[in-house]
Amino acid sequence: MCNLMFTGLVNFDENLEIVPEIAKKWEISSDGKSYTFYLRNDVYFHSHPVFGADSTRAVVARDFTYSFNRLTDEKTGSSGGFVLNNVENYQALNDSVFQIHLKTPFPPFLGLLAMKYCSVVPHELFEKGYDFNKNPVGTGPFQFQMWEDNVKLVFKKNPHYYQKDLNGDSLPYLEYVAVQFLPEKHSEFLQLVQGKIDMMASLDPSYKDELLTTDGKLHEKYKSDIQMIKSPYLNTEYLCFYLDSPEPIDPNLRKAMNMGIDKEKMIKFLRNDIGFAANGGFIPKGLPGYQSDLGDVYNQAEARRIISDYKAKHGKLPDLKLVTTQEYADICEFVQSEMTKSGWPIGVNVVDPATLRDGKATGKFPFFRANWGADYPDAENFLSLFYSKNFSPNGPNYSHFISNEFDQLYLHSLTINNEKDRVEIYKEMDRIIMNELPVIPIFYDESTTFLRKNIEGFQTTAIDMLDLTRVRKK
């Protein structure tokens, strides 16, 4: 929803390329540490009484200074302050020029700025005591209209929005957007089928078999009224070993597990062919650096041999439990079944989401299911999970994997501005991960959006951001 209301200096296009938004252009210094943004002069905040008789005003560079100060202010308590961790300082040089200086070069930095955390907000609302949660004001294509908790959220067209289509017509096309909050997942499916809602952006197990065939196609009876849009989604689902546990799992057993899971079968029968079997590395399908054949080929016979050899040498197999939440219990039970066939019976422990979050951050669980979705479309975002300085709980390295070779490559990649050269380093880093296997990637995700047939102009991206700017209803 924030993507409908707020904009920042830059954004992603449908191909995940960085494109201008409030900044019409920018310059990067030769040392990669200074970014100078030149702002448009026709971007206005949403109408609000706080702006007085004019009801709005133009965005100026000082608004980004204020917004970034708020993002990093401990009193705000933003979960997105990390995006500016590498920023030395920032300043408005005048109304139309905003400059950022980094502590060290970071080639994916523009991707960080495209995150919604870096959107611009008006200082007047906070200074005059408005509750921003109840009066959100941004610069996006839609503006806030009303929100009734657990019932409905309504946006209306922003008449001041600067973008136009190729014919010179104002965007967005839609006058209003209403988001309904429904008590049960099955309810949204029924309302979509009955034509009471136009869009459903999820696929819940409670109705997936009713809606889709086992090969991921719409059932024939729904094709006349509903369209389905599928797109790679930059999210890797994986099994994680905590390598700092008192008795970490032997690398050969980790390899056997990776070989012993029929990931293609799992995707077909448990997810109705939504997603892609993780036969590559940790970098997901759709992101530069992805390698389709990096992982071990499914070979249960070889997995059984490795496990048998380990048992013969050590006398017994580790007692291992895979910790997960109820939402992914079927996936983990499939892994359990595959390991039983391979000669290594493991357990499955279902806990609530909060317990899993705490346990994986503190090292309580030696083995658990997890996922990582892209904050920005650069493989660094995924590979940072294995950099030794990012150990949990202060970072995302939940496995506590450490490799001097990996660390050196990671740091070297941050000095390379040429994307093609950087991607080659990413590939080598991913090869190290798949050789050591601190994690076992099981599938790369895919977004599914279901629309009524009278909706046109809808597009999605691999980071699954909702954009209704060019959507029409026939």
Side-chain angles (χ1 to χ4, degrees), residues 1 3-4 14-16 152 172-174 176-237 262-279 284-287 290 292 326-331 333-334 371 373-374 442-474:
M1 298 303 105
N3 200 48
L4 302 181
E14 62 273 16
N15 299 314
L16 299 185
K152 183 178 285 191
Y173 299 124
L174 298 174
Y176 288 92
V177 174
V179 182
Q180 294 189 31
F181 298 86
L182 301 171
E184 297 177 357
K185 281 286 186 180
H186 198 71
S187 301
E188 64 178 350
F189 165 64
L190 292 176
Q191 294 211 21
L192 179 72
V193 171
Q194 294 166 2
K196 294 179 180 179
I197 61 175
D198 300 305
M199 172 184 169
M200 181 176 74
S202 62
L203 184 63
D204 192 75
S206 65
Y207 53 75
K208 69 178 177 64
D209 293 328
E210 167 65 20
L211 189 57
L212 299 182
T213 62
T214 56
D215 59 352
K217 304 291 193 303
L218 273 175
H219 277 299
E220 198 66 36
K221 61 182 176 181
Y222 296 119
K223 287 184 177 179
S224 61
D225 297 318
I226 296 172
Q227 55 182 315
M228 177 175 66
I229 297 176
K230 295 169 65 174
S231 174
Y233 173 36
L234 300 183
N235 177 60
T236 299
E237 302 279 341
D262 190 342
K263 300 170 186 176
E264 299 281 358
K265 182 178 178 182
M266 179 184 66
I267 290 294
K268 182 174 180 62
F269 292 105
L270 295 185
R271 291 182 54 84
N272 294 66
D273 243 12
I274 303 297
F276 309 94
N279 296 321
K285 184 182 177 76
L287 195 60
Y290 166 72
S292 62
Q326 186 61 48
E327 183 180 1
Y328 291 92
D330 58 342
I331 296 287
E333 287 166 0
F334 178 83
N371 72 288
I442 52 176
F443 67 89
Y444 314 117
D445 218 342
E446 190 174 28
S447 67
T448 52
T449 305
F450 300 91
L451 302 162
R452 298 291 299 180
K453 277 287 184 73
N454 62 337
I455 302 299
E456 62 181 19
F458 181 86
Q459 288 185 317
T460 188
T461 69
I463 53 173
D464 205 22
M465 295 290 279
L466 182 63
D467 183 1
L468 302 179
T469 308
R470 291 169 173 78
V471 169
R472 298 178 190 265
K473 189 172 182 180
K474 293 186 287 187

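Please read these numbers as outputs of a predicted model, since none were measured by experiment.
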Chemist: Considering all heavy atoms of both residues, which atom of Met199 and which atom of Ala201 are nearest to each other, and what is their separation?
Modeler: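 Closest approach of Met199 to Ala201: CE-CB, 3.9 Å.
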
Chemist: Is there side-chain contact between Ile197 and Gln180, with at least one heavy-atom pair below 4.5 Å?
Modeler: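 They are in contact (side-chain heavy atoms under 4.5 Å apart), so the answer is yes.
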
Chemist: When you look at Ile274 and Leu203, which way does the side-chain contact (heavy atoms from CB on, under 4.5 Å) test go after all the steps?
Modeler: CA-CA 9 Å; Ile274 303 297; Leu203 184 63; 3.8 Å; yes

Chemist: Would you call Asp262-Lys268 a salt bridge at under 4.0 Å N-O?
Modeler: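 Lys268 and Asp262: not salt-bridged.
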
Chemist: Does the side chain of Phe458 reach to within under 4.5 Å of the side chain of Gln227, using non-hydrogen atoms?
Modeler: no

Chemist: In Å and rounded to the nearest 0.5 Å, what is the CG to CZ distance from Leu174 to Arg470?
Modeler: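 Here the rounded value is 12.5 Å.
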
Chemist: For Leu212 and Phe450: C-alpha separation, side-chain torsions, deciding distance, then whether side-chain contact (heavy atoms from CB on, under 4.5 Å) applies.
Modeler: CA-CA 11 Å; Leu212 299 182; Phe450 300 91; 4.1 Å; yes

Chemist: Between Gln459 and Asp467, is any pair of side-chain heavy atoms under 4.5 Å apart?
Modeler: no

Chemist: For residues Pro232 and Tyr444, determine if any side-chain heavy atom of one lies less than 4.5 Å from a side-chain heavy atom of the other.
Modeler: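 Side-chain contact under 4.5 Å: no.
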
Chemist: Distance check, rounded to the nearest 0.5 Å: Lys217 atom NZ versus Asp273 atom CG?
Modeler: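 Interatomic distance, Lys217 NZ to Asp273 CG, rounded to 0.5 Å: 7.0 Å.
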
Chemist: Would you say the side-chain atoms of Lys263 pair up with the backbone N or O of Ala278, donor to acceptor, closer than 3.5 Å?
Modeler: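 A pair under 3.5 Å: yes.
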
Chemist: Between Ile442 and Met266, is any pair of side-chain heavy atoms under 4.5 Å apart?
Modeler: yes

Chemist: What side-chain donor-acceptor pairs closer than 3.5 Å can you find for residues 186-196, not counting sequence neighbours?
Modeler:
from: Ser187; atom 1: OG; to: Glu184; atom 2: O; distance (Å): 3.4
from: Glu188; atom 1: OE2; to: Ser202; atom 2: OG; distance (Å): 2.9
from: Glu188; atom 1: OE2; to: Tyr207; atom 2: OH; distance (Å): 2.9
from: Gln194; atom 1: OE1; to: Lys196; atom 2: NZ; distance (Å): 3.3

Chemist: To the nearest 0.5 angstrom, please state how far the OG1 atom of Thr236 sits from the NZ atom of Lys285.
Modeler: 12.5 Å

Chemist: To the nearest 0.5 Å, how far apart are OG1 in Thr449 and CG in Asp464?
Modeler: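 Between atom OG1 of Thr449 and atom CG of Asp464 there are 6.0 Å.
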
Chemist: Does the pair Thr460 and Glu14 meet the rule for a side-chain contact (heavy atoms from CB on, under 4.5 Å), with working shown?
Modeler: CA-CA 7 Å; Thr460 188; Glu14 62 273 16; over 6 Å; no

Chemist: Can you find a pair of side-chain heavy atoms, one from Leu211 and one from Leu218, that are under 4.5 Å apart?
Modeler: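 A side-chain contact exists here, since the closest heavy-atom pair is under 4.5 Å.
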
Chemist: Looking at every non-hydrogen atom in both residues, tell me the closest pair between Ala462 and Ser231 and how far apart they are.
Modeler: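 Taking Ala462 first and Ser231 second, the nearest heavy atoms are N-OG, 4.5 Å.
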
Chemist: In Å and rounded to the nearest 0.5 Å, what is the CG to CG distance from Leu287 to Leu16?
Modeler: 8.0 Å

Chemist: Do Asp445 side-chain atoms and Asn235 backbone N/O form a donor-acceptor pair below 3.5 Å?
Modeler: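 No, Asp445 side chain to Asn235 backbone: no donor-acceptor pair under 3.5 Å.
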
Chemist: Would you say the side-chain atoms of Asn272 pair up with the backbone N or O of Thr213, donor to acceptor, closer than 3.5 Å?
Modeler: yes

Chemist: Would you call Thr469 and Tyr173 a side-chain contact if the rule is heavy atoms closer than 4.5 Å?
Modeler: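 No, side chains not in contact.
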
Chemist: Any side-chain heavy-atom pair from His219 and Glu210 closer than 4.5 angstrom?
Modeler: no

Chemist: How close do Ser224 and Lys453 get, counting heavy atoms only, and between which atoms?
Modeler: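 Looking at all heavy atoms of both residues, the closest pair is O-CG, 3.6 Å.
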
Chemist: For the residue pair Leu234 and Gly286, what are the closest heavy atoms and their distance?
Modeler: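 Closest heavy-atom pair between Leu234 and Gly286: CD2-C, 3.8 Å.
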
Chemist: Take Lys473 and Asp198, measure what side-chain contact (heavy atoms from CB on, under 4.5 Å) needs, and give me the verdict at the end.
Modeler: CA-CA 9 Å; Lys473 189 172 182 180; Asp198 300 305; 3.1 Å; yes

Chemist: What are the two closest non-hydrogen atoms of Gly275 and Ile267, and how far apart are they?
Modeler: O-CG2, 3.7 Å

Chemist: What is the distance from atom OG1 of Thr448 to atom CE of Met228, rounded to the nearest 0.5 Å?
Modeler: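 Here the rounded value is 7.5 Å.
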
Chemist: Taking only Lys NZ, Arg NE, NH1 and NH2, and the carboxylate oxygens of Asp or Glu, determine whether Arg271 and Glu237 approach each other closer than 4.0 Å.
Modeler: no

